[in-house]
Amino acid sequence: MTSKFHTTGLRCCMALSTIALATSALAAPKDNSLPTVMVTATRSAMSLSQVLADVTVLTRADIERQALGGLADLLRTQACFEMVRNGGPGANTSMFVRGADTRHTLVLVDGVRVDSQATGGASWQSIPLAQIERVEIVRGAASAIYGSDAIGGVVQIFTRKGDGAPQFEFGAGIGNLGLAKLDASLTGKSGLFDYALSLASERGTGFNSRPVLNDPAYTPDIDGHRSHSATARLGAQVTAEHRFEVVAMKSFIWSQYDGAAKPKVDDQNFNEMQALRGSWSAQFTPGWQSELSAGESRDRYETSPSVYLTETRIRNFAWNNSFKIGPGQLNTLLERREDRLLNTGLTQTPTAGEADRHQNAVAAGYILEAGQNKEWGLQAHLRHDRDSQFGGATTGTVAAGYTLSPAWRVIASAGTAFRAPTLYQSFSPYGPDATKGGKPLLAERGRNTELGLQYKAGSNEFGLTAYRNLINNLIIFGSAGTCNSQFGCYQNVGQARLQGLTLRAGTRVAEVRLSGTLDLQAPKDVTDTPNYASYGKLLARRSNKHASLRADTELWGWSLGAQTLISGRRFDNAANTVKLGGYALLNLDAQYNLTPTLRLQLQLDNVFDRAYQTANTYASSPRAVFAGLRYTPKL
């Protein structure tokens, strides 16, 4: 990957944004499409034109276009997202949103919190893309709405839901690297009941995920993967005012990887994820809507032949209410969360290998549209969490928006957020030991401010967001001495400053739809302690700039797309001494309706077969080809 190619890609993306902004000043046709509705931003349904945050909604069409890879591969094409993966599809995967650590992004599956109390953050590699109907993204602090974890943002995943006549769908495809995929779904509605059932399976022989040169300890091999997943949903609209629903998802992924420097060892990992939720929604009066829900998620990770096993269980109970009060809406929430971790490394707990805790929370939010033409939007949220381990945390968010014209709007917000330390950070041998002067870990705290300018008219759209997020009490793996490990200890001594500028734009030129994003960011370690070598350095594996550029068109019955992903250089370590070069990738996709019920899908990723790394010594996928068919008969 030459620097010339990288620079050219960035210039192309910046040019796209300029074109879109200039085009937006021209008269545009009126957009008569139905407004997109989002629930994640406030935990209540509202149109995107009302949301006072930097948000994105990905539909089933966007998901089906991503025929190769998983959820992380889809999200890396969006503004503010950077992906790090230690090899192939089943390897450990991290997502950095606005430069925040992967544990600082809250992930929900149909409202169920998904997290690991060992590593912190969701196991992105275990979330099956085939089961997803819709993805909602909220960038920025959201702990005042969701509590712990939502420092950098929230990603909520919605699985399929039945509606109308029975609909069956079947998909199958093959590709290079030994890839084979199958999926099937059945959705529909009958009387009071709606239902959805979906199954998927995938396997691939893969590639050598860690081609370490000049090291006799490593034996070149191919690292493959296999995955299976299923979701089921059953809803009952008992009356016009009352609905009951149960939804469940389970996924399993096995993959080979190259771990410790041991010759001729076939390292394997096994990752299983489950999510289950039951809910009762009620419209007691025209102005009072309520939902009572209970959910549970499990994340189980195991490796072989090296022995490691960890399992996280999270339970959530919530009572959410929305009241229409005059021109505004009041939201209230009572919530309880219970965390449990099974891990042989837990040595500082009454029962070895087990740890648990709980959080109780109360929250309220007020949403108001004011002015003669509702040009003002105002939102305020406040939440208090009481944790059985580290105590209380109060967070708040205030946001305001003003519509300058039918097309232009400006928004501003400020909020606080927190992330509770994981049970492993607190109670493993690396956790603080009071007998050695170690202090109990505190929650990490974030303070976020942002200012945004948005434009939308017809096919032209433009968005510019500036943000600054300061994270205190950052938990780092520091020097030994205050815990029972000689290799180092977890400590609340870090501080990070995440600031940047995000630009998104889209327009139509003739028959081609153009869209692009550009992120200019400075995610830096600003820990101010004596002799701290990483002060002012970029956080590990995060770049100063990354961008995407996409073009879509219809030609001779084909739906054609091309996308370029661009990233600047990064460093693999906190001291910024191990450099990871920048890269630019070109991906192509195409779809064609062979018949009204049969569609051909083609995808070619990494067209020029560029070699690049998101983690030092780990290879990323070479050129990948996929061809598939989707069959949707009329039942």
Side-chain angles (χ1 to χ4, degrees), residues 69-76 81-97 100-132 135 148-150 152-157 159 200 202 209 223 225-231 248-257 259 267-277 295-304 306 308-316 337 339-343 345 419-420 422-425 428 541 614-615 618:
L71 176 62
D73 297 275
L74 174 66
L75 292 178
R76 75 184 298 198
F81 281 79
E82 295 179 275
M83 182 188 78
V84 173
R85 178 181 286 153
N86 294 350
N92 290 334
T93 303
S94 299
M95 296 298 297
F96 302 135
V97 181
D101 196 86
T102 193
R103 69 180 183 272
H104 295 150
T105 296
L106 170 63
V107 178
L108 303 167
V109 177
D110 290 318
V112 180
R113 185 182 296 261
V114 177
D115 187 35
S116 167
Q117 281 296 310
T119 59
S123 298
W124 292 95
Q125 66 276 6
S126 66
I127 303 175
L129 191 62
Q131 309 296 340
I132 301 174
V135 180
S148 179
D149 310 351
V154 180
V155 175
Q156 179 152 210
I157 296 147
T159 58
E202 178 179 326
S209 63
D223 300 304
H225 74 281
R226 291 195 305 268
S227 66
H228 310 287
S229 61
T231 61
M249 181 174 77
K250 183 173 183 177
S251 71
F252 170 81
I253 185 166
W254 163 88
S255 67
Q256 297 167 299
Y257 71 100
D267 293 303
Q268 305 174 53
N269 62 41
F270 309 84
N271 209 151
E272 183 177 301
M273 192 269 285
Q274 302 177 45
L276 174 66
R277 183 176 189 260
E296 179 179 285
S297 71
R298 291 178 182 265
D299 182 284
R300 187 179 190 275
Y301 179 77
E302 183 179 6
T303 62
S304 176
S306 58
Y308 178 74
L309 173 62
T310 184
E311 180 176 323
T312 296
R313 187 199 68 194
I314 300 176
R315 287 178 175 166
N316 265 99
R337 169 182 173 179
D339 298 343
R340 185 168 185 262
L341 176 64
L342 301 178
N343 188 298
R419 164 81 204 200
T422 69
L423 292 170
Y424 186 82
Q425 288 172 334
S428 72
R541 299 178 176 178
T614 59
Y618 287 94

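From a predicted model like this one, the values you see are computed outputs, not experimental measurements.
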Is there a donor-acceptor pair closer than 3.5 Å between any side-chain N or O of Gln131 and the backbone N or O of Ser229?
-> yes
Atom pair CG (Asp223) and OG (Ser255), whose distance is rounded to the nearest 0.5 Å = 8.0 Å
Could you go through the side-chain contact (heavy atoms from CB on, under 4.5 Å) check for Thr105 and Phe96 one step at a time?
-> CA-CA 8 Å; Thr105 296; Phe96 302 135; over 6 Å; no
Taking atom CG of Leu423 and atom CG of Asp339, what is their separation to the nearest 0.5 Å?
-> 6.0 Å
Take Asn92 and Tyr618 through the test side-chain contact (heavy atoms from CB on, under 4.5 Å) and record every step on the way to the result.
-> CA-CA 11 Å; Asn92 290 334; Tyr618 287 94; over 6 Å; no
Working for side-chain contact (heavy atoms from CB on, under 4.5 Å), residues Trp124 and Leu75 = CA-CA 10 Å; Trp124 292 95; Leu75 292 178; 3.4 Å; yes
Nearest heavy-atom contact between Ala72 and Met83 is CB-SD, 3.6 Å
Among Met273, Gln274, Lys250, find the one that has a side-chain contact (heavy atoms from CB on, under 4.5 Å) with Arg298.
-> Gln274
Looking at Arg113 and Asp149, does any basic side-chain N land under 4.0 Å from a carboxylate oxygen?
-> yes
Val84 to Ala615 - nearest heavy-atom pair and separation = CG1-CB, 4.1 Å
Flag the pair Arg337 / Ile314 as yes when at least one side-chain heavy-atom distance between them is below 4.5 Å, and no otherwise.
-> yes
Results of side-chain contact (heavy atoms from CB on, under 4.5 Å) for Ser123 - residues two or more places apart only | Gln125, Ser126, Asn271, Asp299
Closest heavy-atom pair and its distance - Ser116, Thr422 | O-CG2, 4.3 Å
Looking only at heavy atoms, which two atoms of Thr312 and Asp115 are closest? And how far apart?
-> CG2-O, 3.6 Å
Partners of Ala91 by side-chain contact (heavy atoms from CB on, under 4.5 Å), sequence neighbours excluded?
-> Arg85, Asn86
Chi angles and distances behind the side-chain contact (heavy atoms from CB on, under 4.5 Å) call for Ile127, Val107 | CA-CA 10 Å; Ile127 303 175; Val107 178; 4.0 Å; yes
Thr102 backbone acceptor or donor facing Ser94 side chain under 3.5 Å = no
Spatial distance of atom CZ (Phe270) from atom CZ (Arg226) [nearest 0.5 Å] | 8.5 Å
Measure across Ala118 and Tyr308 and return the closest heavy-atom pair with its distance rounded to 0.1 Å.
-> CB-OH, 4.0 Å
Rounded to the nearest 0.5 Å, how far does CE of Met249 lie from CG of Asp110?
-> 7.5 Å
Can Thr303 and Asn269 be counted as having a side-chain donor-acceptor contact under 3.5 angstrom?
-> no
In Å and rounded to the nearest 0.5 Å, what is the CZ to OG distance from Phe252 to Ser227?
-> 9.5 Å
Roughly how far, to the nearest 0.5 Å, is OH of Tyr257 from CG of Asp267?
-> 4.5 Å
Is any side-chain N of the basic residue among Arg300 and Glu302 closer than 4.0 Å to the acidic one's carboxylate O?
-> yes
Considering only heavy atoms from C-beta outward, does the side chain of Leu276 approach that of Val112 to under 4.5 Å?
-> no
Which pair of non-hydrogen atoms, one from Ser148 and one from Leu106, has the smallest distance, and what is that distance?
-> O-CD1, 4.5 Å
Answer yes or no: is there a side-chain heavy-atom contact under 4.5 Å between Leu71 and Thr93?
-> no
For the pair Ser209 (side chain) and Gly87 (backbone), establish whether a donor and an acceptor sit closer than 3.5 Å, ignoring hydrogens and angles.
-> no
